[in-house]
Amino acid sequence: MPQIVLQQVCKTFVLRKRQKGMLGAMRGAFTREKELVRAVRDVSFSVEEGELVGYIGPNGAGKSTTIKMMSGILVPDSGEINIMGRTPWKERAAHVSQIGVVFGQRSQLWWDTPVLDSFELLRDIYRVPQAAYKRRLDDLTALLDAGSLLNTPVRQLSLGQRMKCELIGALLHAPRILFLDEPTIGLDAVTKLALRAFLADLNRREGVTMLLTTHDMDDIEALCSRVMVIGRGALLFDGDMDGLRARYAPHRVIRARLARPCESLDLPEAESVSLDGLNAEITFLPARVDPARLIARLAEACPLADLTVEAPDIERMVARMYEEMAL
Amino acid sequence: MSETFRQSPLGLWTRYMRIHALSQLQYRGWLLAMLPSLVYVVTDPLDAVLMFDRFGALGDWTASRILLVYGLALLCFGLAELFFRGIDYFPQLVRTGEFDRLLLRPRALLFQAAALRFHLNRLNRVVAGLLLALVCLRAEGAALSPANAAMLILAVIGGTLAYAGVLLIAAAASFFTVGDSELINLFTNGSYQVAKAPPQLLPGWLRRAFTFLMPMFLFTYYPAAAVCGWEESRVLGWLALPLCAAFFGLSALLWRFGVRHYKSAGS
Amino acid sequence: MKTRMKPYLAIFRQKLLSGLQYRAGYWGTTTTHVVWVYMRVVVVAIFYRYGSGQAGVTLSQAATMIWLQEMALNLMPGFGVDFSVWNKISKGDVGYDLVRPLDVYSHWYMSALSDKLARFLLAIGPVVAFALLTPGEIGLHLSPSPLHLLAGLLTLATGLILSCAVICLCYAAQMDVNVGDAPARVLMIVSQILAGSLLPLQLWPDAMQAFLRWQPFAAMMDLPLRFFAGSAALEELPRVLLSQAVWGVLIWRLGRAWIGRSLRRLILQGG
């Protein structure tokens, strides 16, 4: 049985609307309109132990709600969730001692005291034996190069340093599953790379299952073998990165610089051809045309000075995808 | 510290308190920061003193009698705040979503909530209440036999539980409403305002509200009366702890209900 | 002038709006205050009925003053602090206010004024309704004459000018003392008590009456409320206004100088 199974999970929120202006506020003191928001509808998927899954979607699509339901914080209106044989919200304590959660925008460390104090408290909260704790802490601090941070009060840490400590805190009890909600938000490029390397390594060595939400597509490309896309509460895609491209950005673009001006280009296999002086731009579907043949045809028609074949920029692809969802 | 103790609820609670205290001691001037609350606690019963000064005793009721009841209430509230302070922060916690963090940890929620906050200045109320009660017991000429001392201690434990119950009910309410309601102040700070007058002379509904609804007179007046010999049944003095514990139990049920609502409705 | 007032009108409007918007908070707060003040009045009434001493004011006058306090407290320092300024100072985050094209003291003074006024207006309705509904001597009683009412309103308004100066003095204390906000908080608690919040000042010991009447804080609340309740004669009016004017100017100048000094030091140290 897969480690994580969601079956037709639904969650609806009731929002109370505020009215604008002085009159609205006065009316609001007595009545208020309600609005139903279907945050998650009929989401089903399963994750095997040791998978590294990216969970993406625009803001408000239902990512956090799904993660909250999987961590036992929220109870779905309908549907089943089974994680390591348990229903999260029914056996909360047993469930959460097997998972780790990192919220990029929130801290689980105690603000005013040295990091080590927080870790020791977490050790006791999760009932980690001292010997195991010591070994674990040494390992994690070595891997993240965080040894020098342990005696610093949390409030004096930079965002990147703090995130390293948040990760250590979430992993002290050696969880089998790690949920990461926007772990790289606001971090500089170097720290991002270090965190990604750490997560990939942890996944490889310990087989920890990871599910991460992010807006940074580089995170997904670097880490995740599998991507799930959620939009307006519904699961729209579940597969690998190539599959995502094939589905949402199947086109390739040939940019060619011609050796001499050319009257016209006639390439019926291409989806579109545009010609601007010496620059030609040809869009095609690799699924329908063999790229090598297309390039040969192009070279036949016109001598070439330079040529590149480009896949669409993934960030742009996702932006387009999100735009489509909003329609 | 042995590992078993460290991981037990009591050990963990001590650890929580240690980390809270440490973070407050990190700031220079923490001693001075306790001053405003001290001024507030000390001046609060001043109106009762001034009224006795102007109007004299109310029948059998002298200033020391009133202040004994008041002091016991203050002590219990102070202890409740000391041990269960975190519960008071619940409305805030629910609004900011920080409550999620508690749900992610494999420990009893009530325990985590109680240990969430600690303020050194809450000691003011405990010390002031204790001193006031002791001075007034002396002034009333109470015989502190072992039985009497036991009754008072049990009553104070009961009172602490009762105030903790009130905080729990407020926490439960915060799962349902957005703005943090001040109503609960009536049963915390408000309760020892009521203790500034003899219960027999209060309007009936007010006396009943603070005996049966929020059992403040149960854990202050009746034990004090039994110990000082104010012609009340001694049995009532012994009832404080069981009845207050029942009150706490009911509040805890309400709170659980609130948690379930939170998890099903979301934030 | 009109454009200079604009920011403060906006603050005032914002306070009113947010006060109304938190519906649950609004009704909860109002109910709490009404029941709270009722309990206070009941306790005082018990002393009048069963005690043997004499007081310079009647029970109905004392009750009226206590009911009115519940609204007037909204005009006092510390009662629902304007946390936007308070927190800014606590975090040492006053830099923003320095770059605005406004005088810092006037800015804080005016935002305190609009904050207090908005809170006051929001509290009037329910408290007056409940107070009038409370039967007998412990309810709210009408002023003995329209002139008493006018004198009360006038001195409450001029008292607000003094009260906001005290609030700014609290800000000054908070800014200067770098050990936290404790001294400012103590100043607030003491000023409230001496304004009569614990007990109308006329119920304090007779020997203290002269001192109580002339200390600055009485003029913010207790003295104006005496006119409403009829526990002070109209002849007292000039004396109250004089006390407000003298203390108002003194505290205003003190707060202004103090804040100015702290700001200059802040600029020199580079925040």
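All values reported here derive from a predicted model rather than from experimental measurement. A note on names: the letters A, B, ... follow the listed sequences, proteins ahead of strands, and every chain is numbered from 1.
- Using cut-offs of 30° and 60° for the angle between ring planes, the Tyr192(B) and Phe77(B) rings count as tilted.
- Heavy-atom pairs under 4.5 Å with chain B were tallied for Val128(A), Asp117(A), Leu121(A); the largest tally goes to Leu121(A).
- At a heavy-atom cut-off of under 4.5 Å, chain B is reached by no residue from residues 167-179 of chain A.
- Residues Val9(A) and Ile81(A) form a side-chain contact, since some pair of their non-hydrogen atoms from C-beta on lies under 4.5 Å apart.
- With sequence neighbours excluded, no residue forms a ring pair (Phe, Tyr, Trp, His ring centres under 6.0 Å) with Phe198(A).
- Checking Thr87(A) against Asn82(A) by side-chain atom types alone, no donor-acceptor pair falls below 3.5 Å.
- With a 4.5 angstrom heavy-atom cutoff, Gln98(A) does not touch chain B via any of its atoms.
- In this structure, chain B has heavy atoms under 4.5 Å from both the backbone and the side chain of Trp89(A).
- Taking Asp138(A) as the reference, Lys134(A) meet the side chain to side chain contact (heavy atoms under 4.5 Å, CB included) condition, with sequence neighbours excluded.
- Under the salt bridge (charged side-chain N to carboxylate O under 4.0 Å, His left out) criterion, the residue pairs touching residues 32-45 of chain B are Asp44(B)-Lys196(B), with sequence neighbours excluded.
- Only the side chain of Arg92(A) comes within contact range of chain B, with at least one heavy atom under 4.5 Å from a heavy atom of that chain.
- For the pairing with Tyr163(B), the ring-ring contact (aromatic ring centres under 6.0 Å, His included) check across Phe219(B), Phe84(B), Phe83(B) returns one residue only, Phe219(B).
- Between Phe247(B) and Leu250(B), every side-chain heavy-atom pair lies at or beyond the 4.5 Å cut-off.
- A donor atom on one side chain and an acceptor atom on the other are not found under 3.5 Å apart for Glu182(A) and Thr214(A).
- Residue Leu102(B) touches chain A through its backbone alone, counting heavy-atom pairs closer than 4.5 Å.
- Between Phe187(B) and Phe210(B), the ring-plane angle classifies as tilted under the 30° and 60° cut-offs.
- Neither the backbone nor the side chain of Phe99(B) comes within less than 4.5 Å of any heavy atom in chain A.
- Note: Arg107(B) leads His20(B), Gln112(B), Arg107(B) in heavy-atom pairs under 4.5 Å with chain A.
- For a residue to count as touching a neighbouring chain, one of its non-hydrogen atoms must lie under 4.5 Å from one of that chain's; by this rule Pro114(A) touches chain B with the side chain only.
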